[in-house]
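Take a look at the structure set out below.
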Amino acid sequence: MKIKFRSGLFLLIILMFLFADIGIISKASDNLTIKIPNQLFLVKTATPTPTPKFKVVEMLPIQPIMPIATAPPPPPPPPTEPAPVWQVMPFEPFFPIATAVPTWDIGLIEDLPFFEIATPIPDWEIGVMEDLPFFEIATLPPGGEDAVLESITPITPNAGFSSSPGMINFAWEYEVSGSTDEEPHFGFKENGFWLMQLYSCSEGLCQYQKTLPPGNYTWQIFGDLGGVDLNTDPIPFTILSLDTAPSAPILESPSGEHPTRSLSFTWLPSSNAESYKVVWTLEGGGSGELNLSASDASCLGGHCTIATTLPSEGKYSWYVVATNTIGSTNSSPMEFQVNPNINTPEGYLPSGQLDDPEQIRFEFSNVEDYVYEYRIRVNNSSTGEVMMDRSWNVEGFTCDVERCAIVVDLKLPTGNYYWSVRGYSETSVSHWSNPLQFSIICSTCASGWQPETYANTYPTPTYPVGAIQTDIPTFIWRAITGAGAYWLTAYDATGIVLLDVPVDKANCNYDYCYFAPGFKFPGSGLYSWKISGGTPAGVLWGSASANFSIVMPAEAIRFIAPENGGTIPKTAPEIQWTDPGTAVLSFKIKLWGSQQEVLLDTSKPRDASWCDGTACTLRFTVIPEALNYQIEVTPLSGQGMPGQSARLVFSVGESAQVLTLSPAEGETVPTRPLFRWKVVDGGGTTAVNLVYYKIRLIRSDGQEVVFGPLICGESGVNCTGGEAYYIPTEALTPGVYSWKLEIPQQQMMSAPVSIVVQ
């Protein structure tokens, strides 16, 4: 790289040779800088001019540089050394250097040593901006010697953010170590280009606003303080077009066959959608619609879901309509089948008395409901003992339109028996047929002979398995044929036994056992359980285990201040909601402006939301004065399960709601409670327009009590330190109340607070 210095820089070069202790031009920040070694080569111009030119004439060792005005003529060259370096030598015509104004063509020779001048001076930095040379001298900002920039954390827009065109709020957090009066300096790149943008910072939070047209964007933050430079990765986001209808939803389920009419419709969210409508149609006649907001928690989680119970079995077709203010877009249709329950078969044979049979023929009605398997069970009439329990694929039966039959090698001893049959399809199972009695007279059978039986020997766990959303589960497992007792044991992730109880067979039918111990597990986490079955005497026949995890949805929240439709001040604005506790890891926050434009769509950790166990606070650095903002807050558990969202409509104005201090929400107070609130400007003064207050209480049965007018320094009201204190002279009737503070002159009113008076 070459940089050409003309006469305007001659003085700069003279100063560099006189005062620089290191002839090095360094690279700093984003400015292009050049390190100049003591080896230079100069190029002679084609035609000599009065302006002196220089060239390299031979290789000579470097000599110390003397002050230019008194420099002696160059000494004769010494003998050639093994590692020569280049030296600048003048050529004719020669003019005194003190009066010369040379033109320098400077080139860099890489990997050669730099010449150092003994006198130390600050490093010089030369950079290029728009191809124009300039120089900088690095200095430390006052008060910033000990402070460095530790981190930069983007908040919004986050990766994947999308919004309608309009004012977009860019915000990020930063941390600084050490003490300083200086704020970090930040720069921005938008789609890879530097952006000249004013921003404001306060208490570790910075933001700026910009109106963006539709398109795909990236933004990147660069910061520096105390000699430390940091930057974030590029963050992609999208500005959608207002004149574009939503993209087509992509359906996920239901499809195929389903054994139940209670189904959940699930699809992938559409870009730019405001609401969805599910439309289903039954082939035999009938249709219905289901509506879902695009801000539903399921959509925010990535899969929009809405459940319903369909009116009947049959073949269905469904699709989803995504809608915004511009228009609507339909998804492709999807079909599914709700199967009716399989018809119950009716048994025909065996029936009555059988004389010494070596084989038994079973006959029953053919239900023809897409059955792929039949199961036959034989019991001893006297003891109920299962003598046979077997299943066969339909290909193992001989079936016509009305009946199916199979011959089984089953040598039963003399006695009385009954049998039943049931059918299975891919999606459902029939009831057992009514039991049919038969008896065996076996004159050739040995006394006490028992045939081979085919029974279930393992109590296969069915529920809970995998992720569940309750901490008081009911346990379900497949029954062991003939078992008289079971033992249930549950463990935590470390193997500690949490539950160990016996289960009576009264909790079982032939197929499954259902047991609800009423035990509450410690909370979200990983668990396992084992079920064992056998005889009441404790003989174990078989056991099986399963793992499950409890993923509890986050606790619902509600807004504390302002009240719905209330106002917050444009200076130091904040919104409060109830703190659901440490079970919630973060909050998803979405804010809309008065024109329904999305102003904020982000997630904020609970520990960064000023949560104190009672309330969480969202503080805005700047929010424009306007009516009808909407905010939605959704709590998210540690496993990401969303709780119920809460939504609030509020305005931003000059005046704030009155801030009540006590009694607090849910507090139990005596019949003469202490009321405490913040004093507004003018309170406690002797101004003509003296501020007065009213305390209004409404009991749960509708009874209303009003204290006031209350004036600081009068009527029992103490005002000090910016707060007011008042204890009523009359006792309240015990009960549940809602109280609020009013300032009639300023048309201000606090949010209602529920209390219990005892």
Using modelled atom types only, decide if a donor and an acceptor are shared between the side chain of [X] and the backbone of [Y] within a distance under 3.5 Å.
| X | Y | value |
| --- | --- | --- |
| T660 | S662 | no |
| S247 | S271 | yes |
| D224 | V228 | no |
| T578 | R558 | yes |
| T329 | P246 | yes |
| N231 | I221 | no |
| S651 | N628 | yes |
| W739 | P663 | yes |

Say you draw a straight line from [atom1] of [X] to [atom2] of [Y]; how long is it, rounded to the nearest 0.5 Å?
| X | Y | atom1 | atom2 | answer |
| --- | --- | --- | --- | --- |
| T232 | Y174 | OG1 | OH | 16.0 Å |
| T671 | L732 | OG1 | CG | 7.0 Å |
| L600 | K590 | CG | NZ | 10.5 Å |
| H303 | E252 | NE2 | CD | 5.0 Å |
| S754 | E667 | OG | CD | 12.5 Å |
| C201 | E173 | SG | CD | 11.5 Å |

Practice task
Hey, can you tell me if Y217 and F237 have their rings parallel, tilted or perpendicular (30° and 60° cut-offs)?
Solution key: parallel
Is there side-chain contact between [X] and [Y], with heavy atoms separated by less than 4.5 Å?
| X | Y | value |
| --- | --- | --- |
| T156 | D601 | no |
| L648 | Q630 | no |
| P157 | W219 | yes |
| L618 | W577 | yes |
| Y527 | D471 | no |
| P562 | T567 | no |
| I306 | V278 | yes |
| E665 | I560 | no |

Quick check: closest heavy atoms across [X] and [Y], and the distance to 0.1 Å?
| X | Y | result |
| --- | --- | --- |
| V679 | C712 | CG2-SG, 4.4 Å |
| R672 | E730 | CG-O, 4.1 Å |
| N324 | N272 | ND2-O, 3.1 Å |
| I623 | P573 | CG2-CG, 3.5 Å |
| S270 | A322 | OG-CB, 3.7 Å |
| C616 | F587 | SG-CZ, 3.8 Å |

Exercise for the section: For L599 and W592, run side-chain contact (heavy atoms from CB on, under 4.5 Å): C-alpha distance rounded to whole Å, both residues' side-chain angles, the deciding distance at 0.1 Å, then the answer. Expected result: CA-CA 5 Å; L599 303 178; W592 293 267; over 6 Å; no
Exercise for the section: Would you sort out whether V633 and K588 count as a side-chain contact (heavy atoms from CB on, under 4.5 Å), showing the intermediate values? Expected result: CA-CA 6 Å; V633 177; K588 184 171 180 59; over 6 Å; no
Counting only heavy atoms not in [X], do more than 12 sit closer than 6.0 Å to its [atom1] atom?
| X | atom1 | value |
| --- | --- | --- |
| K189 | NZ | yes |
| D233 | CG | no |
| E175 | CD | no |

For the ring pair [X] and [Y], is the centre-to-centre distance below 6.0 Å?
| X | Y | value |
| --- | --- | --- |
| Y208 | F188 | yes |
| Y725 | W677 | no |
| Y629 | F620 | no |
| Y726 | Y693 | no |
| F186 | F222 | no |
| W280 | F265 | no |

Problem - Ion pair E190/K210, N-O distance below 4.0 Å - result: yes
Problem - Salt bridge present between R619 and E574 (N-O < 4.0 angstrom) - result: yes
Handout entry: salt bridge (charged side-chain N to carboxylate O under 4.0 Å, His left out) evaluation trace for R647 with E632
Key = CA-CA 4 Å; R647 184 172 286 210; E632 182 180 78; 3.2 Å; yes
Practice task
Tell me, with the steps shown, if I631 and I575 meet side-chain contact (heavy atoms from CB on, under 4.5 Å).
Solution key: CA-CA 9 Å; I631 186 171; I575 293 175; 4.1 Å; yes
Handout entry: Polar side chain donor-acceptor pair, S264 to T305, under 3.5 angstrom
Key = no
Problem - Short side-chain donor-acceptor distance under 3.5 Å, D579 and T614 - result: no
Could you give the side-chain donor-acceptor pairs of residues 148-155 under 3.5 Å, partners two or more places apart or in another chain?
residue	atom	partner	partner atom	Å
E150	OE2	S177	OG	2.7

Exercise for the section: In sequence, state the C-alpha distance, the side-chain angles, and the governing distance for Y276 and C299, and then conclude on side-chain contact (heavy atoms from CB on, under 4.5 Å). Expected result: CA-CA 10 Å; Y276 298 100; C299 295; 3.9 Å; yes
